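Remarks on the structure that follows.
Here the structure is a predicted model, which is why all the values come from computation and not from measurement.
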Number of protein chains: 4
Amino acid sequence: MGAVKTKRMPRAVREQQMLDAAVEIFGRRGYMAASMDEIAELAGVSKPLVYLYLNSKDDLFTACIRREAQALVAAVRSGIGPDQSADRQLWDGLLAFFAHTGAHPLSWSVLHLQARTHGETFAAEVTAMREEIVAFVTQLIVVAAREAHRDPDLPEREVAGLAEALVGAAESLAAWANASDSVTPRQAAATLMNFAWAGLSDLMRGNAWNPPAA
Amino acid sequence: MGAVKTKRMPRAVREQQMLDAAVEIFGRRGYMAASMDEIAELAGVSKPLVYLYLNSKDDLFTACIRREAQALVAAVRSGIGPDQSADRQLWDGLLAFFAHTGAHPLSWSVLHLQARTHGETFAAEVTAMREEIVAFVTQLIVVAAREAHRDPDLPEREVAGLAEALVGAAESLAAWANASDSVTPRQAAATLMNFAWAGLSDLMRGNAWNPPAA
Amino acid sequence: MGAVKTKRMPRAVREQQMLDAAVEIFGRRGYMAASMDEIAELAGVSKPLVYLYLNSKDDLFTACIRREAQALVAAVRSGIGPDQSADRQLWDGLLAFFAHTGAHPLSWSVLHLQARTHGETFAAEVTAMREEIVAFVTQLIVVAAREAHRDPDLPEREVAGLAEALVGAAESLAAWANASDSVTPRQAAATLMNFAWAGLSDLMRGNAWNPPAA
Amino acid sequence: MGAVKTKRMPRAVREQQMLDAAVEIFGRRGYMAASMDEIAELAGVSKPLVYLYLNSKDDLFTACIRREAQALVAAVRSGIGPDQSADRQLWDGLLAFFAHTGAHPLSWSVLHLQARTHGETFAAEVTAMREEIVAFVTQLIVVAAREAHRDPDLPEREVAGLAEALVGAAESLAAWANASDSVTPRQAAATLMNFAWAGLSDLMRGNAWNPPAA
DNA sequence: AATGAATGAGTCTTCATTCAT
DNA sequence: TATGAATGAAGACTCATTCAT
């Protein structure tokens with residue numbers, strides 16, 4: 001599983017190998033239980049080299065969080081067409097989100113679980129990303145409300161709470177979908193759109209939200 | 001902050017003090033970063049006594065999880081009137097949930113974050129409790145659908161996903177509410193009821209779900 | 001296996017129970033690995049009582065050694081008829097020795113192994129007993145030599161070495177006989193008498209030493 | 001006494017230093033009472049290095065036993081000329097044995113006392129070596145009996161017991177000779193040869209076994 | 001660019017021993 | 001006579017981190 005032992009690679013490449021290994025180990029074991037020894041071994045290098053490039057366990061973990069957070073945000077962003085309707089944008093975003101977290105479960109573990117359980121510093125790193133997403137969703141809700149000619153506007157705190165709940169539900173479903181691997185990203189996204197967009201009362205009246213054709 | 005140094009207490013009392021201290025430390029630092037030394041000191045006893053009564057770090061953590069899980073479930077249960085309508089039961093349950101997690105944030109940290117990040121054994125302990133709650137919510141949704149004469153029934157997997165999303169959203173909001181402590185349990189519960197029950201589309205049409213009078 | 005929990009016994013009785021338990025645990029686990037907890041539990045009393053009566057782990061171990069050493073010496077002594085010939089006395093002594101060590105293997109383990117492996121103080125305790133036995137054997141050899149009109153006497157150091165070798169062989173055979181429990185005390189004693197009395201060269205000539213009828 | 005603090009040695013060398021130190025401490029204190037701290041200090045290295053190379057206290061002890069057992073067997077073997085008569089082979093072997101155990105008393109303590117007092121696993125390690133020696137002696141006796149035209153053969157169990165007694169006596173004499181250090185290997189070996197080969201009855205008739213000229 | 005050799009500091013855990021009743 | 005409650009001290013083991021090459 002570890003990178004094939006190849007000698008003398010350029011620094012940039014080696015660094016990525018180390019980060020790959022680190023994400024795997026941190027995701028699997030958690031920050032504290034992960035050992036630099038294991039990471040170095042999986043990366044196929046000696047420990048001093050890890051320290052030379054990444055400086056410390058803390059810094060290494062931070063680097064992991066940053067890289068994985070950016071990758072997730074990039075994945076979600078590139079899944080959204082900017083000129084679509086609000087609900088379509090939400091759908092596309094969710095689809096991309098569940099696809100990415102499903103494809104990189106250890107990366108998701110690092111972001112969702114590990115980074116938030118080991119001190120403010122790391123949590124803050126993820127919070128930045130999360131806030132970006134919450135802001136995006138918030139704005140989506142506001143736009144959708146305007147499109148629906150809702151008047152007066154939903155109060156700001158209300159909207160913030162809704163966005164928070166939506167993102168929280170999404171995160172939770174990601175874990176759920178990963179756990180039972182028979183749930184596809186589409187199913188997860190559909191469940192959430194129904195829940196969030198239509199609402200339970202609508203569902204009970206038979207008014208589901210319908211996903212666009214694949 | 002540590003318990004006043006009182007000598008010679010009966011075992012049952014000392015054990016609770018130890019669990020109190022352990023929940024606080026585990027919640028603050030995480031399982032691995034918590035040290036038995038710190039826990040013993042906060043409990044106001046020597047380390048050997050902690051081992052004599054609670055056996056090992058693992059067992060101590062498990063004991064914490066069990067006690068806190070039971071306390072949470074009991075709190076939610078005692079908040080619900082069994083003869084109420086489905087949405088009222090949900091509301092009451094959420095209220096109790098947010099009140100309890102708000103009042104015991106470190107306990108909530110142990111259950112929601114720490115226990116799920118340090119090995120299957122601990123996670124399983126929480127999963128048991130969580131599944132109890134998910135099952136309760138699932139049943140609530142089914143009953144509500146029947147009351148609303150929905151026909152045909154929502155497919156089972158669909159309902160499971162909805163319950164999961166609802167619980168996930170609640171868990172996420174609990175953290176959110178704890179973080180910015182100007183959010184009351186009522187507000188958190190209201191936000192979630194709106195989100196879950198009415199759904200975003202209804203909200204946009206101005207059809208909010210209305211909480212019962214306090 | 002532990003003594004039945006009976007309350008309020010006279011001190012002398014309790015002490016013997018404790019020594020019984022201690023010999024068993026020390027014999028099984030060794031001095032260092034034996035824990036006062038386990039001994040107290042097996043004795044069916046609380047730890048403070050053990051300390052009240054026997055004072056410390058060291059003292060307890062010493063008490064064990066003394067009691068068991070005396071028991072062994074007494075057993076060997078009472079097996080010997082003082083008016084017998086030298087070889088008969090040796091035979092009877094060996095028989096009693098192998099019978100006793102076979103019947104009390106943990107006691108033998110304490111004397112032969114544990115006491116000699118944990119510091120001069122304990123070893124000295126056994127050495128006293130051992131020297132008593134070696135002296136007895138030495139004298140037996142001298143007497144036998146006189147009876148055989150050997151002249152001049154065997155040099156003293158020579159005799160001491162022979163006695164040492166004989167006792168060492170006996171000790172070794174005791175362990176050997178205990179290990180494979182199909183070896184009877186008679187067989188062990190006969191083997192040793194042949195070896196020691198007749199000598200290998202005689203054995204090779206077909207001149208065995210013959211045990212008296214049972 | 002500890003090795004002079006020399007830095008940066010190749011692993012193989014350091015390992016031997018560690019084993020040297022470990023044999024000394026284990027031999028002096030016993031397995032349980034020996035502390036890794038003390039061993040590391042005597043070896044002139046830090047504790048983590050001991051663990052890095054030897055893995056655990058158990059493994060370290062096992063490594064000691066193996067090394068010392070092999071050294072002892074090698075010493076005895078190289079002392080024996082294969083084309084000699086049986087009694088000469090026995091004499092040469094004993095001489096080498098007493099010389100080696102006399103020169104390395106702590107090594108002998110590890111093999112003879114400590115290894116046999118701390119669990120089957122360690123004991124088995126020594127038993128392997130011991131059986132090799134017992135087998136060698138057994139065969140020597142058989143050969144000697146044949147040479148002496150003894151007929152019929154000594155029964156197998158009988159021979160096993162004799163070999164056991166001989167080895168046991170040797171082991172015991174080794175301890176005795178170590179204790180009073182005025183006894184030379186030659187004297188110990190002579191005593192044992194007299195005892196074993198000639199037998200007490202012969203000795204009493206004045207027929208000693210005579211060692212070859214040095 | 002890369003590593004074999006090495007360690008200070010700290011963690012979990014256990015044990016002999018005592019106090020207060 | 002007897003014990004439930006409690007601890008100081010120590011030991012095995014691990015880990016992040018650095019030095020010298």
Side-chain angles (χ1 to χ4, degrees), chain A residues 5-11 13-14 32-40 44-53 55-60, chain B residues 5-11 13-15 32-40 44-60, chain C residues 5-11 13-14 32-40 44-53 55-60, chain D residues 5-11 13-15 32-40 44-60:
Chain A
K5 202 137 187 181
T6 320
K7 299 236 160 179
R8 308 262 152 191
M9 337 241 321
R11 168 161 186 163
V13 177
R14 271 280 192 256
M32 296 274 347
S35 91
M36 296 298 273
D37 268 295
E38 202 179 356
I39 291 171
V45 296
S46 70
K47 243 185 318 175
L49 199 58
V50 178
Y51 278 87
L52 189 61
Y53 286 176
N55 205 49
S56 77
K57 195 185 186 184
D58 261 46
D59 287 4
L60 173 56
Chain B
K5 199 137 190 179
T6 321
K7 296 240 161 172
R8 307 262 150 189
M9 336 241 326
R11 173 167 179 157
V13 177
R14 271 278 190 263
E15 272 188 15
M32 297 265 6
S35 97
M36 294 299 271
D37 268 297
E38 203 183 359
I39 291 172
V45 295
S46 70
K47 234 188 322 173
L49 200 58
V50 178
Y51 277 89
L52 189 61
Y53 287 174
L54 276 314
N55 209 46
S56 75
K57 195 182 185 185
D58 258 48
D59 285 5
L60 174 56
Chain C
K5 199 141 190 177
T6 320
K7 297 236 162 179
R8 305 258 153 193
M9 335 239 324
R11 170 161 180 161
V13 178
R14 272 278 192 258
M32 296 275 345
S35 91
M36 295 298 272
D37 268 294
E38 201 179 359
I39 291 171
V45 295
S46 70
K47 244 185 317 175
L49 199 59
V50 178
Y51 277 88
L52 188 61
Y53 286 175
N55 205 48
S56 77
K57 194 185 186 184
D58 261 45
D59 287 4
L60 173 56
Chain D
K5 200 138 190 178
T6 321
K7 297 239 160 179
R8 307 263 148 190
M9 339 241 324
R11 172 168 181 156
V13 176
R14 267 276 139 78
E15 273 189 11
M32 298 265 3
S35 96
M36 295 298 273
D37 270 296
E38 204 183 357
I39 291 171
V45 295
S46 69
K47 228 186 330 171
L49 200 58
V50 178
Y51 278 90
L52 189 60
Y53 286 174
L54 277 312
N55 208 47
S56 75
K57 196 184 184 183
D58 259 47
D59 286 6
L60 174 56

Comparing L49(B) and K57(D) on DNA chain F - which has the more 5′ nearest nucleotide: L49(B)

Residue closer to the 5' end of DNA chain F, P10(C) versus M36(D) (nearest nucleotide):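 Here P10(C) is the residue nearer the 5' end.
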
Could you give the [atom1]-to-[atom2] distance, from [X] to [N], as a whole number of Å?
X      : N       : atom1 : atom2 : result
L54(D) : dT14(F) : CG    : P     : 13 Å
N55(C) : dT18(E) : CG    : P     : 8 Å
L52(B) : dT17(E) : CG    : P     : 18 Å
I39(B) : dG10(E) : CD1   : P     : 18 Å
D37(A) : dA5(E)  : CG    : P     : 14 Å
M9(B)  : dC19(E) : CE    : C1'   : 17 Å

dA6(F) phosphate, OP1 or OP2, under 4.0 Å from R14(B) side-chain N/O: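 The answer is yes; a side-chain N or O of R14(B) sits under 4.0 Å from OP1 or OP2.
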
Phosphate OP1/OP2 of dA2(F): any Y51(C) side-chain N/O under 4.0 Å: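 For dA2(F), neither OP1 nor OP2 has a side-chain N or O of Y51(C) closer than 4.0 Å.
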
Of the listed nucleotides dA5(F), dA9(E), dA6(E), the one nearest the side chain of P48(D): dA9(E)

Nucleotide of dT3(F), dC15(E), dT1(F) approaching S35(C) most closely (side-chain heavy atoms):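 Of dT3(F), dC15(E), dT1(F), dC15(E) is nearest to the side chain of S35(C).
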
Regarding [X], tell me which of base, sugar-phosphate or nothing describes its non-hydrogen contacts under 4.0 Å with the strands shown.
X      : value
A33(C) : nothing
R11(D) : sugar-phosphate
A40(A) : nothing

Complementary nucleotide of dA1(E), counting Watson-Crick and G-U pairs under 3.5 Å: none

Complement of dA20(E), any strand, by Watson-Crick or G-U distances under 3.5 angstrom: dT3(F)

Side-chain donor/acceptor contact of K47(A) with base of dT17(F) under 3.5 Å: yes

